[in-house]
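Notes for the one structure printed next.
Letters A, B, ... are given to chains in the order of the sequence lines, protein chains preceding strands, and every chain is numbered from 1.
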Protein chains: 2
Amino acid sequence: MTLDVREHNLDSSRLDILRAAATCFMERGYAAASIDEVARSLGATKGRIYHHYPSKADLFADVFRTGMDMNYEAIAPYRDLAGPALPRWRRMAFAHVMQMITTRAFQRAVWIGVEMHLRGATTPEQRTVFNELIAYRSAYGDVFRETLRQGRAEGVFFYEDLSITNQLMFMTLNSPIFWYSPRSGETLADIEHLATQVVDFAEGGLVTRKEQAA
Amino acid sequence: MTLDVREHNLDSSRLDILRAAATCFMERGYAAASIDEVARSLGATKGRIYHHYPSKADLFADVFRTGMDMNYEAIAPYRDLAGPALPRWRRMAFAHVMQMITTRAFQRAVWIGVEMHLRGATTPEQRTVFNELIAYRSAYGDVFRETLRQGRAEGVFFYEDLSITNQLMFMTLNSPIFWYSPRSGETLADIEHLATQVVDFAEGGLVTRKEQAA
DNA sequence: TGATGAACATACTACCGGGTATGTTGTCAA
DNA sequence: TTGACAACATACCCGGTAGTATGTTCATCA
């Protein structure tokens, strides 16, 4: 319950549990996913999971945290690029979408976590851990948010409300976690092509000058 | 279990149940929402709900269906407008977004239902009812889809893959069901202003010509 | 080599929630 | 007036699941 954001000891057994848990949470949702099922998918039993995690909520939190770690890592090469906002945004957005596709299960869990937080579907004990996670994810959103702000200042992005626009942009970039499903014989190029279409759509939403008239 | 899509007898008692159920499903999700809680929020008990619905799944199905009914009704005045695709699309999209905001609980339930179907989180008995509902919602999506196709033929919309674009567009238009929350003192004009920003973003995603080069 | 603890499995408890069976009350028609 | 039925409430059953308590195995180290 007091796992620090930065200190994971990701031995391979824990990693296996995390992957299995992410998949279960993705397929069933938080409430419907059972610890027994996660264990079964590993060919193990509850004992293994409760040996590593004190509760279901803590397991879920670790999946969430790991998913966010992956996202930070994905945009790390681009977030501090100097220069105009648009090319930096494109690189970050593309990396983000690729992450959504390639680590879908974890990203879905992140989504579920955010939803639970927004709905207040957390017990007081979970609140502390959850608030930390939400802040972690919030800071990630702010990286994009700042780029949006810069882009507007440069006159390449057009929008009224920064918060709403950031929401809309993330909705688009995150959307593959819902509708993407891997096809047999799919190459990396295929996935990148997909991601490009997603980024293009989002970019269009940002760069288009809107008329003032109703 | 064999409620026809078109034949509702929406007496007021059932309507109250539907509204309460929609709210609970929105706040907790399908699995975590309990019949007891729905009843409690009505100042009643399970007996009332099971008198009207044979199962939780059937109750949920009716919420889903009612939500979709509202959507069809919302775009009805515009869907058969003659003329260019863009203005028709804007009217439909705006009406759709307004629906997402004003009937949020029902629309959230629809989303949950679609998600459950995509994940295959349905028992064989539910399948029949669910397939019908998904088809109902699919036909609704096709109304927009057809407009997107026409818009591309007219040279005002630019995109590669119709299915993906339709997904991205709906993701944007539906997004208020996640991040919108009513503010005190909010007027209809405020909500319409919000909806306009959402539609603008989506329109930008559709009308922007994308470069061929990688 | 014996002891210790990590890494699990097994067995069990407590509780919650879907569903059912049955009781109760008001209404309306004959 | 009564009886029949709709519209619930009450009481109960039962399967599933989070969490716990305890047993077991294996490696490591003094």
Side-chain angles (χ1 to χ4, degrees), chain A residues 1-3 8-21 23-25 27-63 109 112-113 116 121-127 129-130, chain B residues 1-3 8-21 23-25 27-63 109 112-113 116 121-127 129-130:
Chain A
M1 115 177 64
T2 47
L3 287 172
H8 308 174
N9 50 339
L10 285 178
D11 46 288
S12 78
S13 178
R14 270 174 91 109
L15 248 180
D16 287 340
I17 294 176
L18 277 180
R19 272 193 285 258
T23 303
C24 283
F25 285 132
E27 288 174 349
R28 311 270 186 189
Y30 180 79
S34 74
I35 301 284
D36 287 297
E37 195 189 347
V38 175
R40 243 198 327 275
S41 78
L42 287 166
T45 67
K46 275 155 100 114
R48 177 167 172 193
I49 292 171
Y50 277 101
H51 176 71
H52 291 278
Y53 295 97
S55 76
K56 182 180 178 180
D58 288 270
L59 171 60
F60 179 77
D62 205 19
V63 173
I112 292 171
M116 288 176 63
T122 48
T123 69
E125 320 119 40
Q126 297 169 14
R127 274 285 159 74
V129 187
F130 249 81
Chain B
M1 117 176 61
T2 46
L3 287 172
H8 308 173
N9 49 338
L10 285 178
D11 47 287
S12 78
S13 179
R14 270 173 92 109
L15 249 178
D16 287 341
I17 293 177
L18 277 181
R19 271 193 285 259
T23 303
C24 283
F25 285 132
E27 287 174 350
R28 311 270 185 188
Y30 180 79
S34 73
I35 301 284
D36 286 297
E37 196 190 347
V38 175
R40 243 199 325 277
S41 76
L42 286 167
T45 67
K46 279 154 99 117
R48 177 166 173 193
I49 293 170
Y50 278 100
H51 177 70
H52 291 279
Y53 295 97
S55 77
K56 182 181 179 179
D58 288 271
L59 170 60
F60 179 77
D62 205 18
V63 173
I112 292 172
M116 288 175 64
T122 47
T123 68
E125 319 120 39
Q126 296 168 14
R127 274 286 159 73
V129 187
F130 250 81

Any base atoms under 4.0 Å from A:Ala33, or only sugar-phosphate, or nothing? Heavy atoms, all strands. sugar-phosphate
Taking CZ from B:Arg40 and C1' from D:dC8, how many angstroms apart are they, rounded to a whole number? 18 Å
Are any of the side-chain heavy atoms of A:Ile17 and A:Asp62 separated by less than 4.5 Å? no
Give the rounded distance in Å between these two atoms: NZ of A:Lys56 and P of D:dG16. 15 Å
Spacing between A:Leu59 atom CG and D:dG19 atom P, to the nearest angstrom: 10 Å
Please report, rounded to the nearest Å, how far the P atom of D:dC14 is from the CD1 atom of B:Ile35. 20 Å
Evaluate the ring planes of B:Tyr30 and B:Phe25, with Trp represented by its six-membered ring, and classify them as parallel (under 30°), tilted (30 to 60°) or perpendicular (over 60°). parallel
A:Asp58 CG to D:dA18 C1', straight-line distance once rounded to whole Å: 13 Å
Residues in side-chain hydrogen bond (donor to acceptor under 3.5 Å, both in side chains) with B:Thr122, at least two apart? B:Arg127
How close or far is atom P of C:dC16 from atom CZ of B:Arg28, stated in whole angstroms? 14 Å
Heavy-atom pair of closest approach, residues A:Gly29 and A:Ile112: CA-CD1, 4.1 Å
Chi angles and distances behind the side chain to side chain donor-acceptor pair (under 3.5 Å) call for A:Ser55, A:Asp58: CA-CA 5 Å; A:Ser55 76; A:Asp58 288 270; 2.5 Å; yes
Among D:dT20, C:dG19, D:dT17, the one nearest any side-chain atom of B:Tyr50 is C:dG19
Heteroatom pairs (N/O) under 3.5 angstrom, protein to nucleotides 22-25 of chain D:
none

Going by ring pair (Phe, Tyr, Trp, His ring centres under 6.0 Å), name the residues that satisfy it together with B:Phe130, two or more places apart in sequence or in a different chain. none
When you compare the side chain of A:Tyr53 with that of A:Leu18, does any pair of heavy atoms fall below 4.5 Å? yes
Show every salt bridge (Lys or Arg N to Asp or Glu O under 4.0 Å) that has at least one partner inside residues 30-52 of chain B, sequence neighbours left out. B:Arg28-B:Glu37, B:Asp36-B:Lys46
Residues that A:Tyr50 engages under ring pair (Phe, Tyr, Trp, His ring centres under 6.0 Å), provided they are two or more places apart: none
Show each protein N/O and nucleotides 8-10 of chain C N/O combination with a separation under 3.5 Å, one pair to a line.
unit_1	atom_1	unit_2	atom_2	d
C:dC8	OP2	A:Ser13	OG	2.8
C:dC8	OP2	A:His52	NE2	3.3
C:dA9	OP2	A:Thr45	N	3.0
C:dA9	OP2	A:Thr45	O	3.4
C:dA9	OP2	A:Thr45	OG1	3.0

